[in-house]
Amino acid sequence: MTSAPTQSASSPPDRIARVQRRTLAVLSAAQIVGGVGVAVGLALSSVVVDELSRSTVISGFAGTATVLGAALLALPTARAAGSGGRRAGLSLAYVAALAGCLVSVLAISLGTWPLLLAGLVLVGGGSAGSLAARYSATDLSPRDRSARHLSLVVWASTIGSVAGPNLARPADQIGMRLGLVEKAGPFAFAALAFGLALLVILVLLRPDPLVLAREVHGTREESTGRRGTIRTALQTLRTTPMARHALVMIAVSHTAMVSVMSMTPVKLHHDGSNLDVIGLVISLHIAGMYVLSPLVGWLADKAGKLPVLVLGMGLLLSAAALAGTAGHRVWQVTAALVLLGLGWSCGLVAGSALVTESVPLERRTAVQGLSDLLMNVCGATGTIIAGAIVGLLGYGVLGLVVGIMVAVSGLWLVTVWRRSTGAR
């Protein structure tokens, strides 16, 4: 188990506290502007791919591409952080996202959906950066506040993420006035957002929280290749069962959320909803993901991570049931998406805090990178299956399949919780 940073001559507790407050502020600022870029892509990517390909099944690959990109960039981001600090890792992720937005603008201008999918893979760097930022918030946290500090950075995504989808139409109109084709403007706007997030990290994230944490604990920087990172993470997980359980729950929560969320814009679009309605529904969903995350973090620190994970499974199951029976009722789809976001928040915040407190600092970035890789690979797989299910069987069947997956996982988690309580 990790512990809070210890006192040293060069890094007294008051200095650590000051740096941690600054770190949380800088990470929150980056999350706000970066969240705009991520949210714009979430709201429009599946719709644009649907229009360019004229295929509901292929439209599901839009969400897959973004999640796959986040997965592919998880380990490089973790390795960069392991060798050069959090600033290096986050910068890599945001540079990839910026490049992906520019490729997406080009693809939409040319009317080619395969190139757009390639751009969306790079846009996934925005999600990779957002996920890595939450772990960056815990490097200097006292152990009894890790979930709260992590959740504050997650919460900071609310402003940009909720505003992002609703900025899609104005950005589209401005883009067309500047000579861009329809629906290319929002991706150009997202590129600006990721560029600003990159600037915030490069200029303001000093001192680097991970570098300082290693200085305080007297640990060395990691220097491993791709296989070394995975090997270190797997070796650590073999001896830390709680970290294993947390990784599984993070993956399940993310898979359920991404699968339903990625196909909801397509469902609403086919039901006749316009961009304003789609943007509002996605905004409320993202609000569910982030707005109450500080409360989730407080509850995880006070009541325990496992109980909050169980709560998350219950919320996800309720969301799947509502989505699966919504029909053409937009209000019910909206309610399902809000609950879906809340369940995801419980899984991410409590699960990530449990991962962080369960592994030693010198192996933390490797396990965190594997965690993000696993959750995004599962999410990408889920969106592929979700696209096929909705295209062939309908949105209601997707709710049923997701509900079964969550119910089975929740029952297993309750067993783990009871065993851990009995052990104490």
Side-chain angles (χ1 to χ4, degrees), residues 24-43 63 66-67 70 90 93-94 97 124 126-138 146-168 190 193-194 197 200 249-250 253-258 260-262 264-265 278-301 305 308-309 311-312 315-316 318-319 334-353 372 375-376 379:
L24 292 175
V26 171
L27 292 173
S28 297
Q31 290 287 78
I32 290 172
V33 292
V36 171
V38 172
V40 168
L42 287 176
T66 305
V67 176
L90 294 173
Y94 287 129
S127 296
S130 178
L131 291 172
R134 80 191 193 280
Y135 283 130
S136 305
T138 64
S146 61
R148 271 172 280 188
H149 286 183
L150 184 152
S151 67
L152 287 175
V153 173
V154 172
W155 176 85
S157 302
T158 305
I159 299 174
S161 297
V162 172
N166 294 291
L167 293 174
F194 288 129
V200 168
M249 289 300 103
I250 292 172
S253 300
H254 195 65
T255 302
M257 186 276 290
V258 172
V260 176
M261 179 274 298
S262 65
T264 297
I278 294 173
L280 177 61
V281 172
I282 296 300
S283 291
L284 291 173
H285 163 66
I286 295 173
M289 292 170 65
Y290 299 124
V291 168
L292 295 181
S293 57
L295 177 60
V296 173
W298 175 85
L299 188 61
D301 282 334
K305 280 69 177 180
V308 174
L309 286 172
L311 172 63
L315 291 170
L316 290 171
S318 300
T334 304
L337 267 286
V338 171
L339 289 177
L340 191 73
L342 289 172
W344 177 88
S345 181
C346 290
L348 186 79
V349 171
S352 299
D372 287 348
M375 69 179 284
N376 283 299

**Report entry** Distance in Å, Leu311 CG paired with Leu342 CG, rounded so as to fall on 0.5 Å steps
**Finding:** 9.0 Å
Query raised in the report: According to the interplanar angle, ranging from 0 to 90°, do the rings of Trp344 and His254 count as parallel (below 30°), tilted (30 to 60°) or perpendicular (above 60°)?
Result: tilted
**Report entry** Contact summary for Asp372 and Ala132, nearest pair of heavy atoms
**Finding:** OD2-N, 4.1 Å
Query raised in the report: Is there a donor-acceptor contact under 3.5 Å from the side chain of Ser130 to the main chain of Gly126?
Result: no
**Report entry** Minimum heavy-atom distance Ala319-Ala336, with the two atoms named
**Finding:** CB-O, 3.3 Å
Requested in this report: Show your reasoning for whether side-chain contact (heavy atoms from CB on, under 4.5 Å) applies to His149 and Leu27.
Outcome: CA-CA 11 Å; His149 286 183; Leu27 292 173; over 6 Å; no
Requested in this report: Please answer whether the main-chain N or O of Gly341 pairs with a side-chain N or O of Ser345 as donor and acceptor at a distance below 3.5 Å.
Outcome: no
Query raised in the report: Out of curiosity, Leu339 CG to Thr334 OG1, how far, rounded to the nearest 0.5 Å?
Result: 11.0 Å
Report task. Search all heavy atoms of Tyr94 against all heavy atoms of Ala30 and return the closest pair with its distance. Result -> OH-O, 4.1 Å
Query raised in the report: Gly37 and Ala190: which non-hydrogen atoms are nearest, and at how many Å?
Result: CA-CB, 3.7 Å
Query - Pairwise side-chain contact, Phe194 with Val36, heavy-atom cut-off 4.5 Å (strictly under) - result: no
Report summary line: From the list Ile250, Val154, Leu131, side chain to side chain contact (heavy atoms under 4.5 Å, CB included) partner of Ser352 resolves to Ile250
**Report entry** Heavy-atom closest pair, residues Gln31 and Gly129
**Finding:** OE1-O, 4.5 Å
Query raised in the report: Checking side-chain contact (heavy atoms from CB on, under 4.5 Å) for the pair Met257/Leu348: CA distance, chi angles, key distance, verdict?
Result: CA-CA 11 Å; Met257 186 276 290; Leu348 186 79; over 6 Å; no
Query raised in the report: For the atom pair CG (Leu340) and CG (Leu284), what is the distance rounded to the nearest 0.5 Å?
Result: 13.0 Å
**Report entry** side-chain contact (heavy atoms from CB on, under 4.5 Å) assessment of His285 paired with Thr264
**Finding:** CA-CA 11 Å; His285 163 66; Thr264 297; over 6 Å; no
Query - Approximate separation, where rounding is to 0.5 Å, of Arg148 CZ and Leu295 CG - result: 11.5 Å
Query raised in the report: Any side-chain heavy atom of Met249 sitting closer than 4.5 Å to one from Val308?
Result: no
Requested in this report: Write down the atom of Ala133, the atom of Leu90, and the distance for their closest heavy-atom approach.
Outcome: N-CD2, 3.7 Å
Query raised in the report: Could you go step by step and tell me if Val258 and Thr66 meet the side-chain contact (heavy atoms from CB on, under 4.5 Å) rule?
Result: CA-CA 10 Å; Val258 172; Thr66 305; over 6 Å; no
Requested in this report: State the CG-SG distance between Leu316 and Cys346, to the nearest 0.5 angstrom.
Outcome: 8.0 Å
Requested in this report: Nearest 0.5 Å please: distance from the CD1 atom of Ile282 over to the CE atom of Met289.
Outcome: 10.0 Å
Requested in this report: Report yes or no: does Ser293 contribute a side-chain atom to a donor-acceptor pair with the main-chain N or O of Ser151 at less than 3.5 Å?
Outcome: yes
